[in-house]
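In listed order, ligands and their atoms are each counted from 1.
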Amino acid sequence: MATTNLSAYDKTTIPNASNYRFGIVVSEWNESITENLFQGAFDTLIDNGAKPENIIRWNVPGSFELIYGCKKMLETQKLDAVIAIGNIIQGETKHFDFICDGVTQGIKDLNLQFSIPTIYCVLTDFTVQQSIDRSGGKHGNKGVECAIAAIKMATLK
Ligand code: DLZ
């Protein structure tokens, strides 16, 4: 919903994350947005008990590369959950649709192929302002929401 604050959660309901290891793969495309998403996710993991040395960050050039980056992270690191962070903003061509579809399907496939959850922290917006609003702006920070999802899914695993 457009009015949802993505950062709102009840801390008393969130499991302690101190025993979990997290991977975060960050797309460099629209970097100012993805850095804010990363910061929101990282701070939330720490705030809920995760240790900094148990949070592994890798960068990839664009959102399309999140699929391979997450796959390699899942294969080579011992993790309880991975967060894929990206920001795709609509341009003048259909490129937006193809990248959104590819990334979404790719991350869905990773969730079927691996028994470690991959969390979808990809903003797919029509305007830069919509992305700003959801990466630490008036609708909160989707990175926070995705860190909470990662902790909950790590517990489920
Ligand atoms: C090429 C492209 C375009 C046009 N737009 C975005 C975008 O808004 N967000 C994003 O994360 N990446 C974009 N990319 C780059 C692709 O994700 C990818 O890096 C390149 O197509 C190379 O595979």
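With respect to atom 3 (C) of ligand 1, the closest heavy atom belonging to the protein is Trp29 CZ2, 3.4 Å. Counting protein heavy atoms only, atom 20 (C) of ligand 1 is closest to Glu65 OE2, 4.1 Å. In terms of protein heavy atoms, atom 16 (C) of ligand 1 is closest to Ile99 CD1, 3.4 Å.
Of all atoms in ligand 1, numbered sequentially from 1 with element shown, those under 4.0 Å from a heavy atom of Gly62 are 11 (O), 17 (O), 19 (O). The atoms of ligand 1 that sit less than 4.0 Å from any heavy atom of Phe64 are 17 (O), 18 (C). Near Ser27, the atoms of ligand 1 lying under 4.0 angstrom from a non-hydrogen atom of the residue are 11 (O). Atoms of ligand 1 lying under 4.0 Å from any heavy atom of His95, numbered from 1 in the order shown and given with element: 1 (C), 2 (C), 3 (C), 4 (C). Within ligand 1, the atoms closer than 4.0 Å to a non-hydrogen atom of Asn87 are 7 (C), 8 (O), 9 (N), 10 (C), 11 (O), numbered from 1 in the order shown.
Note that OG1 of Thr124 is 9.0 Å distant from CD of Gln130, once rounded to the nearest 0.5 Å.
When only interatomic distances are considered, the shortest N/O to N/O separation between Pro61 and ligand 1 does not fall below 3.5 Å. Ligand 1 has an N or O atom lying under 3.5 Å from an N or O atom of Ile89, backbone or side chain.
Nearest heavy atom pair, residue Thr34 against residue Ile85, reads O-CG2, 3.8 Å. Between Cys70 and Ala84, the shortest heavy-atom contact is SG-CB, 3.7 Å. The minimum heavy-atom distance linking Ala147 with Ala41 is given by the pair CB-O, 3.5 Å. Among all heavy-atom pairs drawn from Gly23 and Leu79, the shortest one is N-CD2, 3.7 Å.
Using a non-hydrogen distance threshold of 4.0 Å, Gly86 does not register as a contact of ligand 1.
Under a cutoff of 6.0 Å and an axis angle of 45°, Arg57 and Phe42 do not form a cation-pi pair.
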Exercise for the section: Please test Tyr20 against Lys157 for side-chain contact (heavy atoms from CB on, under 4.5 Å), starting from the C-alpha separation and ending with a verdict. Expected result: CA-CA 11 Å; Tyr20 298 129; Lys157 171 184 161 285; over 6 Å; no
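Side-chain contact check for Asp109 and Gln105: no donor-acceptor pair (N or O, by modelled atom type) lies under 3.5 Å.
Residue contacts with ligand 1 for Ser63 involve both N, CA, C or O and side-chain atoms from C-beta outward (heavy atoms, distance under 4.0 Å).
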